[in-house]
Amino acid sequence: MGEPTGRGPDTGGGTVPAGDHVLGVDSGGSGLRIAVARADDPAARPLATYASNEPVRTGPHGIDAGHLLSQLLPAAEELRREVGAVRFTAGCVGAAGMATLGDELRARLPAELATAFGVRRLALAADAVTAYAGALGQRPGAVVAAGTGMIALGTDLTGAGGWRRADGWGHLLGDCGSGAWIGRAGLEAAMRAYDGRPGGSAALLARATAMFGPVTELPGALYPRPDRPAVLASFAPEVGRCAADDDAVADGIVRAAAGHIADAAAAVCPPGAGSAVACTGGLFGMGEPLLAPLRTALAERLPDARVTAAAGSPLDGALTIAAALAGDRLTLPADLKLLQITRPAPG
């Protein structure tokens, strides 16, 4: 296996042999997504895709490389045949938890993909990096990725600046403004209403009861579950609906979430006028109850930034990185945890 590098490849705009393809992978809490694009397509448009609802397991050594490979290898082979590819000249695997739980992936994936598909250049990325590349491509700026959790990532694309990260610390220590954060705050307001304490919401109590049953049984049902963040986040849309129905407590929760999201964006956005800021992830499907206060909060904290719609998904970002890597055009900063570039020896 080739040695990982601490910097990106040269950006001299190398040519890619006609007919070569690249492989993009997005692994997260909702499953595994894989796509293939032409290596010489600057837009890295997917030619074929695969999706599985089975998330990759996490074990005592971090993300389970064997489990990921058991899904990835046959699916990628099927996609290779579908598009008529001879090989994948480059690839990018983006995974939730890559930064802290990705040691086994970094140890096994480069050689496995080189042997199976001839991958000569491989990027192993945190999902926040592929979210960034999907949203902004290779432009300086900041991206907030929010769903069950929340993380912000920014870069000015200089080697000295590297990546700036804010939050993404999980539902116990952070992820402020995330789906889990909103859902937990909404359920707390429901419990306050049940107790008759200040800060409660009868509307949220009614929705919590309809969704989970008697709220007195909720602690016993929730606390032992390993998927607590996802359960909490499942209540976030109810908070948004109550906010849209003019419930003052729910509206206050959603506005506070918008402030936290904007704080994270401001913490990572490169200084100076014109930096792009984008938001991506399922949380923003909540719509105007969240988006309206978020626009206001971003304008207050980042008056010189340019808020823009995310161009694509984390899977699109994985293809963007893979195609740039294949053509020696990758300018996103490499990092041994967030974006590691390897050049595997041929199998």
Within one Ile-Leu-Val-Met-Phe-Trp-Tyr cluster: [X] and [Y], side-chain cutoff 4.5 Å:
| X | Y | answer |
| --- | --- | --- |
| Leu291 | Leu302 | yes |
| Leu319 | Leu79 | no |
| Leu339 | Leu157 | yes |
| Leu290 | Ile151 | no |
| Val268 | Leu338 | no |

Are the side chain of [X] and the backbone of [Y] linked by a donor-acceptor contact shorter than 3.5 Å?
| X | Y | value |
| --- | --- | --- |
| Arg87 | Ala116 | no |
| Arg165 | Gly168 | yes |
| His67 | Arg57 | yes |
| Glu104 | Asp64 | no |
| Asp227 | Ala230 | no |
| Asp175 | Gly170 | yes |
| Tyr132 | Gly141 | yes |
| Thr280 | Ala310 | no |

Check whether any side-chain heavy atom of [X] lies under 4.5 Å from a side-chain heavy atom of [Y], and answer yes or no.
| X | Y | answer |
| --- | --- | --- |
| Val129 | Trp163 | yes |
| Cys279 | Leu294 | yes |
| Leu283 | Ile261 | yes |
| Thr148 | Leu232 | no |
| Pro110 | Leu124 | yes |
| Arg45 | Asp316 | no |
| Val36 | Leu23 | yes |
| Arg343 | Arg120 | no |

Which atom of [X] lies closest to which atom of [Y], heavy atoms considered:
| X | Y | result |
| --- | --- | --- |
| Met286 | Ile182 | CE-CD1, 4.1 Å |
| Leu336 | Gln340 | O-NE2, 3.5 Å |
| Cys269 | Val277 | SG-CG2, 3.9 Å |
| Ala39 | Thr89 | CB-CG2, 3.9 Å |
| Ala243 | Ala250 | N-CB, 3.6 Å |
| Val144 | Phe284 | O-CE1, 4.1 Å |

Decide side chain to side chain contact (heavy atoms under 4.5 Å, CB included) for Ile341 and Leu122; before the verdict, give the C-alpha distance in whole Å, the side-chain angles of both, and the deciding distance to 0.1 Å. CA-CA 6 Å; Ile341 310 303; Leu122 179 66; over 6 Å; no
Begin with the C-alpha distance, continue with both residues' side-chain angles, and end with the deciding distance and a verdict on side chain to side chain contact (heavy atoms under 4.5 Å, CB included) for Val249 and Arg192. CA-CA 11 Å; Val249 173; Arg192 285 178 174 273; over 6 Å; no
Can you measure from [atom1] ([X]) to [atom2] ([Y]) and round to the nearest 0.5 angstrom?
| X | Y | atom1 | atom2 | answer |
| --- | --- | --- | --- | --- |
| Leu204 | Cys242 | CG | SG | 4.5 Å |
| Leu68 | Ser27 | CG | OG | 5.5 Å |
| Glu78 | Leu73 | CD | CG | 13.0 Å |
| Leu315 | Arg33 | CG | CZ | 7.5 Å |
| Leu187 | Ser201 | CG | OG | 11.0 Å |
| Leu136 | Thr320 | CG | OG1 | 11.0 Å |

Please determine if [X] and [Y] form a salt bridge, counting it only when a charged side-chain N lies under 4.0 Å from a carboxylate O.
| X | Y | result |
| --- | --- | --- |
| Arg255 | Asp251 | yes |
| Arg38 | Asp20 | no |
| Glu288 | Arg295 | yes |
| Lys337 | Asp103 | yes |
| Asp245 | Arg207 | yes |

Could you tell me if the ring centre of Trp181 sits under 6.0 Å from that of His260?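 Ring centres of His260 and Trp181 closer than 6.0 Å.
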For the pair Asp328 and Arg121, evaluate side chain to side chain contact (heavy atoms under 4.5 Å, CB included) and give the outcome as yes or no after the intermediate values. CA-CA 10 Å; Asp328 283 330; Arg121 299 179 180 184; 2.3 Å; yes
Can you list the steps and then say if Ile63 with Leu105 is a side chain to side chain contact (heavy atoms under 4.5 Å, CB included)? CA-CA 7 Å; Ile63 302 169; Leu105 298 186; 3.8 Å; yes
Apply salt bridge (charged side-chain N to carboxylate O under 4.0 Å, His left out) to Arg80 and list each qualifying residue two or more places apart in sequence or on a separate chain.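 Partners of Arg80 by the salt bridge (charged side-chain N to carboxylate O under 4.0 Å, His left out) criterion, ordered by chain and then number, come out as Glu77.
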On the 0 to 90° scale, with breaks at 30° and 60°, tag the Phe235-Phe212 ring pair as parallel, tilted or perpendicular.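 Tilted.
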When you compare the side chains of Asp127 and Thr130, does any donor N or O come within less than 3.5 Å of an acceptor on the partner?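 No, Thr130 and Asp127 have no side-chain donor paired with an acceptor closer than 3.5 Å.
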Other ILVMFWY residues reachable from Val215 by side-chain steps of under 4.5 Å: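 Hydrophobic cluster check, Val215: joined to Met191, Tyr194, Leu205.
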